[in-house]
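This report refers to the structure that appears directly beneath it.
This structure is a prediction, so every number in the text was calculated from the model and none was measured. Throughout, a chain's letter reflects where its sequence line sits, starting with A, and its residues are numbered from 1.
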Protein chains: 4
Amino acid sequence: MDTKETILAAADQVFGEVGYDAATTREIAESCGVNKALIHYHFKNKEGLLAAVLDRYYDRLGAEVAGALGGAATLRDKLVRLVDAYADFLGQNLRFCRIVQREASGGMHADKIRDRMVPIFELGRAALVAEYPASATGDLAAEHLLISVYGLIVTWFTYGDVIAPLLGSAPAAKRQLTARKRHVRRIVTLLLDALERPAAPTRSAGEIGG
Amino acid sequence: MDTKETILAAADQVFGEVGYDAATTREIAESCGVNKALIHYHFKNKEGLLAAVLDRYYDRLGAEVAGALGGAATLRDKLVRLVDAYADFLGQNLRFCRIVQREASGGMHADKIRDRMVPIFELGRAALVAEYPASATGDLAAEHLLISVYGLIVTWFTYGDVIAPLLGSAPAAKRQLTARKRHVRRIVTLLLDALERPAAPTRSAGEIGG
Amino acid sequence: MDTKETILAAADQVFGEVGYDAATTREIAESCGVNKALIHYHFKNKEGLLAAVLDRYYDRLGAEVAGALGGAATLRDKLVRLVDAYADFLGQNLRFCRIVQREASGGMHADKIRDRMVPIFELGRAALVAEYPASATGDLAAEHLLISVYGLIVTWFTYGDVIAPLLGSAPAAKRQLTARKRHVRRIVTLLLDALERPAAPTRSAGEIGG
Amino acid sequence: MDTKETILAAADQVFGEVGYDAATTREIAESCGVNKALIHYHFKNKEGLLAAVLDRYYDRLGAEVAGALGGAATLRDKLVRLVDAYADFLGQNLRFCRIVQREASGGMHADKIRDRMVPIFELGRAALVAEYPASATGDLAAEHLLISVYGLIVTWFTYGDVIAPLLGSAPAAKRQLTARKRHVRRIVTLLLDALERPAAPTRSAGEIGG
DNA sequence: GATGAATGAGTATTCATTCAT
DNA sequence: TATGAATGAATACTCATTCAT
């Protein structure tokens, strides 16, 4: 019925499974019983199709994040809620995870991803710095914290195939996901605690490399 | 004579820049002035070429990790040293980072990557659990800790293009890399501190989401 | 209302610029803001569209030729007038020139062009032979004369891009066009003079080639 | 055996028959039993293939022209010989005629054609002006004369399909070709005679249009 | 080891045309 | 008349791989 949505769903599936480069318009079209030329009619390009797929995800993710940061709770509670929301979103949208993972780094679609992620990061940074002045700079600077929390969550899913043998079950399984969320929440707690304490000096001796 | 090495270097370059799927044997061959057919003579396959590139990296990475964990220091010191070594290795081998990032998740080369990464993780887990019994299970279970540390480091590089606008300079720049290492070291310290304390209870009430 | 005319004008433009084969119905439709399907509604075919474009031109050209040959002047004067009229018409309708140039030779539209040009040529031949019996046959036979005059004019325009560097300005520029008309008129004069003289013998000895 | 030549011959055939745009690499490859990809291997492009076809023709044509203008005869004799040589060449290479006819005007290959034709024209102009000072400017300026002679010959072939009904046989048939050469030679003779006479004034009154 | 030629399957994309509304 | 969606065939071009030399 809604051809455009049909194509989007199929593209999401195929892009998520084999990646943008290995995906073919033929496979996408056939997998949803739509004429190949319609992809170009509706999305102009294979690239336009990817952009549409990503936009759909980021619209939902943006709403999720805004929802978690909104409301009347303390920032600490909001952040904890955000971690959960983020983890749930990625756990429920593993294909999105995979697409971003593949295309974020150095590809020709990095721009698209950056344009959607940066505002989300900015939002988080503003909130953090406002509440925790210590995060304005130093070891626990907001930009590092945010990347860290993001990495803690996303790595769980994108290295799923790699770590599965260490866990005994898939990382996105409900049991594993719950455990992971508790782990990340714990780290976030430790970090916020640290931010609230007077600055703990880093051991500056014995630094290696770099 | 060094044709094989020449090809490997070129493949590393091209795979790292555009990814395995988008890379072509022609580009690899031309970029190092070698006949295209020689790639198949020496490596059988495009896939064999990727495997060779990855093996070279993992051999070096394995040595790096073994070196950091060896010796007579305390485990805490070893782990801190490991974080630095890992970060330095990835910072100096961004193309390796990108390749793994792209291929680890869901692709047809995930096996290869898993086979090389799992032993490294196992090594870390054994060391951790031996010294910190609290890491055998619970919020700070070894497998979560290891993935976390790995994610804290790797995300910095693989989302480099994305977060660059938030930093003002490239994440692999010496200054940024040093800051990142200090950040991760700080988190590791917090985590080990927590492992040494009697179990701090997680707020189990009010959990949100999935 | 004038949709049909709008499409015709756009088709004329596009066919003239890139040729029938390279022209696309999409480009024609978009260039005049009309729905692509309307082309088929009004003209049945891409081919029908070309036919309509050509017909419009040939209707005007036929009138032009008839006008030049009509009236009470001597045939010599009429022919001179015809040369001018033809040159002016083509100079003002370069796209027509290009279309005919491309499609007259061997294409699938040659029929259409032949059907419209032959009557015009027949008209000229009848007039010539009636006035100049010497043109019934021989070196200056009417069919050769007519093709020649046609070629003298049309080549100027269709090889415009080629000879432009030899001239310093575009062949259809007023100054160049005036010079060309004077040149062709001069040749026509020489030819009519020759037709009026008692048969000048061609050097039949020493012929070279085919 | 010589695949490159095989492809060139097939491309010549197909380009000549249906034109560059309507020609397909598939048809060219199939018509000479060669793998489609080999066209791109040997010529890089469909466009490169056309360039190679044209180059082959122009190399031969250039030699032909140089041969006709060389030697110890009077310029008048040389020019007459040139007309014959040109006519023979085009008569024997009708496909070349057609290709140039189609692509010379406004297409994207006009450059290629211009680059090869201009030197040939320059050659002729230099010879003309040296011997006939009257052709330096005026009604019978060399550039007009050359275009005219070129047009007189080429039009005969390129409008072959159009004028065939007026002639009863194909323009490239030996009998018709001989007649045409005699006609053009006659015009050339008239023109050279005129160039040798003291300047005949053009009737400047009664000019029409422009 | 090394090379140039060859191959067949496959790619994204485009096109004229049709059709239901 | 007009339109947006749909279609199937076709197009230039690319790719990993093979092979004779």
DNA chain E: 5'-proximal contact among A/Y20 and D/G33 (nearest heavy atom): D/G33
5'-most contact on DNA chain E: D/V34 or C/E47, nearest heavy atom basis? D/V34
Given atom [atom1] of [X] and atom [atom2] of [N], what is their separation to the nearest angstrom?
X     : N      : atom1 : atom2 : value
A/K46 : E/dT13 : NZ    : C1'   : 12 Å
C/R26 : F/dG4  : CZ    : P     : 15 Å
D/I7  : E/dT7  : CD1   : P     : 10 Å
C/Y41 : E/dT21 : OH    : P     : 18 Å
D/N35 : E/dG10 : CG    : C1'   : 13 Å
C/L49 : E/dT17 : CG    : C1'   : 14 Å
C/N45 : E/dT17 : CG    : P     : 5 Å
A/I39 : E/dT13 : CD1   : P     : 10 Å

Would you say a side-chain N or O of [X] is under 4.0 Å from OP1 or OP2 of [N]?
X     : N      : result
D/H42 : E/dA6  : yes
B/T3  : E/dG1  : no
B/H40 : F/dC19 : no
A/T25 : E/dA12 : yes
C/T24 : E/dT14 : no

Separation of the C1' atoms in F/dT21 and E/dG1, to the nearest angstrom: 13 Å
Without swapping roles, check the side chain of D/Y57 against the backbone of D/C97 for a donor-acceptor pair under 3.5 Å. no
Does the distance from a Lys or Arg side-chain N to an Asp or Glu carboxylate O, for A/D111 and A/R114, drop under 4.0 Å? yes
Looking at C/D59 and C/R116, does any basic side-chain N land under 4.0 Å from a carboxylate oxygen? yes
Non-hydrogen side-chain atoms of C/E5 and C/L8 separated by less than 4.5 Å: yes
C/Y20 vs C/F15 aromatic rings, parallel, tilted or perpendicular, using cut-offs 30° and 60°? tilted
May I ask you to say what C/A23 touches in the nucleic acid, namely base, sugar-phosphate or nothing, with a heavy-atom cut-off under 4.0 Å? sugar-phosphate
Closest-nucleotide 5' rank along DNA chain F - winner of B/A37 and D/K44: D/K44
Would you kindly check whether a donor in the side chain of C/K36 faces an acceptor in the base of E/dT17, or vice versa, at under 3.5 angstrom? yes
If E/dC19 has a Watson-Crick or G-U wobble mate with both distances under 3.5 Å, name it; if not, just say none. F/dG4
